[in-house]
Amino acid sequence: MIDIKKDLPEIFEDFAENRQNSFLKVREVKENDNPLIGVFCKFFPQELAIAIDGTAVSLCSTSDETIADAEKDLPRNLCPLIKSSYGFAITDKCPFFYFSDLVVGETTCDGKKKMYEYLAETKPVHVMELPNKQSKEGLVLWEKEIYKMIDVLEEYFGRKITKEKLEEAIKIKNAERTAVKDFYEIMKNDEIPVSGLELWHVLNGITFEFDKRAVPKQLKDLKEKIFSENEKITGKPRILITGCPIGGATEKVIEAVENHGGVVVAYENCGGAKAIDRNVEEDTGDPIRAIAEKYIEIGCACMSPNPNRMDLLNRIVDQYKVDGVIDMHLQACQPFQVESLKIKRFANNEKNIPYISIETDYSQSDIGQINTRVAAFIEMI
Amino acid sequence: MYFIGIDIGSTASKVAIRGKIIDEFVIPTGWNSKETALHIKNKLLKDFNINVLKDDSIIISTGYGRVSVPYSQKQITEITCHGCGIREQFDYDLCTIVDVGGQDTKVINLKDGFVDDFLMNDKCSAGTGKFLEIMANRLNITLDELFELSNLGEKIKISSMCTVFAESEIISLMGEGEKIENIASGIVDSVVVKVAQLVKRQGIQGDMILTGGLSTNKFFNKYLSEELETKINSYSKGRYAGAIGAALIAEDKYKKRGRV
Ligand code: SF4
Ligand code: SF4
């Protein structure tokens, strides 16, 4: 076993404390002989990991530290999320990847799909086939894929996934999702006790809490604390961020908003509302079907068409009294870039609020331009 | 009372004074925008007898160097300032402004005097003033000469998207003995087409108005209006639009609430 604290790559020292602690916790998971499953996408049903007393951890990386390494194998004009994640994987710089027993991918965008083929050369990788459409046929395929995933997990880890285990896991995840939702809904208030960046750090940090049962109480306590102690933010233009997964290097977009007089009140992206919006139906007698139904409904741009993203955006704009929409795209991300016109039309024509799309990558070279764009956008509101 | 707008762009810094004096001037930005700001301060004192630290003056800075003006009371982006700056010259219930800047090209839709929407070029410098500048340097001529020449030549297609590659394309064209008029025409056309694409993507609303450094260039106006098939208004003070806008905003804000 490596001494994690000492061997941590320098970059991690700057990471949020929560994440750093989780590097230590991840070792605990391993020492207790529990399965660790590395995942790349919100479509992976986390209940399956819980049902084998294991943990699913996100391997999506958001720093440009390892992009140069990735570019030895991957084309340069690929989305930075794919390059960064792959780079962390092949250089052993990500403890999560390092300790993952099994990596699970999904057939979402083409870049990721093809990247998994190379990843499989260094780690055991299983790819779930995700349909392109949230149709009846799509649901049938997705349900089958979940059955297959269960077989793989049972065989790989020598543990049984029973119906009872799944029902229990559903309840644990539902409670967690409900708690997270309840927490970020503080931003619906006119007077909010945290900035958008602080909210983001909580949302992000919580995904690295491996004891899912502990999340509701932690968040409840935190909520009480910030409401009683923090100064309230009020009267600022209220911004919604949507688009590609945000975080790490792209927190520069959140900072640009909040340094220029706005406040980010909602994130529709993965890590925000997108995956948490719906719960799995409990006690249906067919937990696998219930899980399939929930996860397939995630409004990701990889789905075509993608009405659920619009539906969620629509609700968020109303409920959070959103004054402007920022659609953040990672360079070379086709699904979200092509979909941006729809989001613009929706914001401008249906909701009558300004919209801007910001294309960026994990470098810091465009901070000046992003600041100008975002500042002008906020001046417009 | 003086209301002063300072627009520090990537190549030129523009200053507009409103209030007791009405005037504008421009100086090159140089390497260091902090020093440019100091220069401007001295020039205001020397030429206009305005001591920005002592006299009653409200200063708003804009442009990419807007944060480097230590004596400005407020910073506002060039998008908002350009929008406001054309007010002196035009009535604008509804209009679309194109500003081809050194670093960025912007298309701004105005409605009832407010910025309604805007679009900027992406990271690369194709379709910006920088592109023209680099190419003119490469041909060893001035920007004005580039346009004069372009008017005499026949367009040849510059196919590279990237400034660096376009530059090598031009070098090889020169090597092949292509006429300089034709190369100049190709260079200008490449920028015109890129700017027009940006305008089309944003959509024209009402009148079109050209601001920024190229606004008084009759050739550029002609080519762009041909490409867009629409009349484009120019403005003799177009390059000062950002600075004037900043000064006008300062005046507005001061009159409304006594501060900026
Ligand atoms: S954006 Fe789509 S593909 Fe990417 S992690 Fe989220 S759900 Fe998965
Ligand atoms: S950001 Fe876009 S290109 Fe990158 S992994 Fe997600 S969907 Fe694929």
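Every chain is numbered from 1, with letters handed out A, B, ... down the list of sequences.
Listed by sequence position, A/Lys344, A/Asn348, A/Tyr355 are the residues of residues 343-355 of chain A in contact with chain B, using a 4.5 angstrom heavy-atom cutoff.
Only the side chain of B/Asp104 comes within contact range of chain A, judged by heavy atoms closer than 4.5 Å. Contact annotation for A/Ile381: neither backbone nor side-chain heavy atoms come within less than 4.5 Å of a heavy atom of chain B. Using a 4.5 Å cut-off between heavy atoms, B/Ile76 touches chain A through backbone and side chain atoms alike.
Looking at A/Thr360 and A/Gln331, their side chains never bring a donor and an acceptor atom within 3.5 Å of each other. B/Ser13 and B/Thr29 are linked by a side-chain donor-acceptor pair at a separation below 3.5 angstrom, with hydrogens and angles left out of the test. Of the N and O atoms on the side chains of A/Glu251 and A/His201, at least one donor lies less than 3.5 Å from an acceptor on the other residue. For the residue pair B/Thr77/A/Arg373, the side-chain donor-acceptor check at 3.5 Å is not satisfied. Using a 3.5 Å distance cut-off with no hydrogens or angles, the side chains of A/Ser63 and A/Ser61 do not pair a donor with an acceptor.
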Worked check of salt bridge (Lys or Arg N to Asp or Glu O under 4.0 Å) between B/Glu24 and B/Arg239: CA-CA 10 Å; B/Glu24 298 89 22; B/Arg239 75 180 316 181; over 6 Å; no

Are A/Glu258 and A/Lys236 close enough, and set up right, to give a salt bridge (Lys or Arg N to Asp or Glu O under 4.0 Å), and what steps lead you there? CA-CA 9 Å; A/Glu258 306 205 320; A/Lys236 292 187 171 180; over 6 Å; no

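Counting heavy-atom pairs under 4.5 Å between each of B/Ile108, B/Thr80, B/Val67, B/Ile79 and chain A puts B/Thr80 at the top. Chain A forms the most heavy-atom pairs under 4.5 Å with one residue out of B/Gln75, B/Arg66, B/Lys106, and that residue is B/Arg66.
In this structure, the side chains of B/Thr216 and B/Leu210 stay at 4.5 Å or more apart for every pair of heavy atoms.
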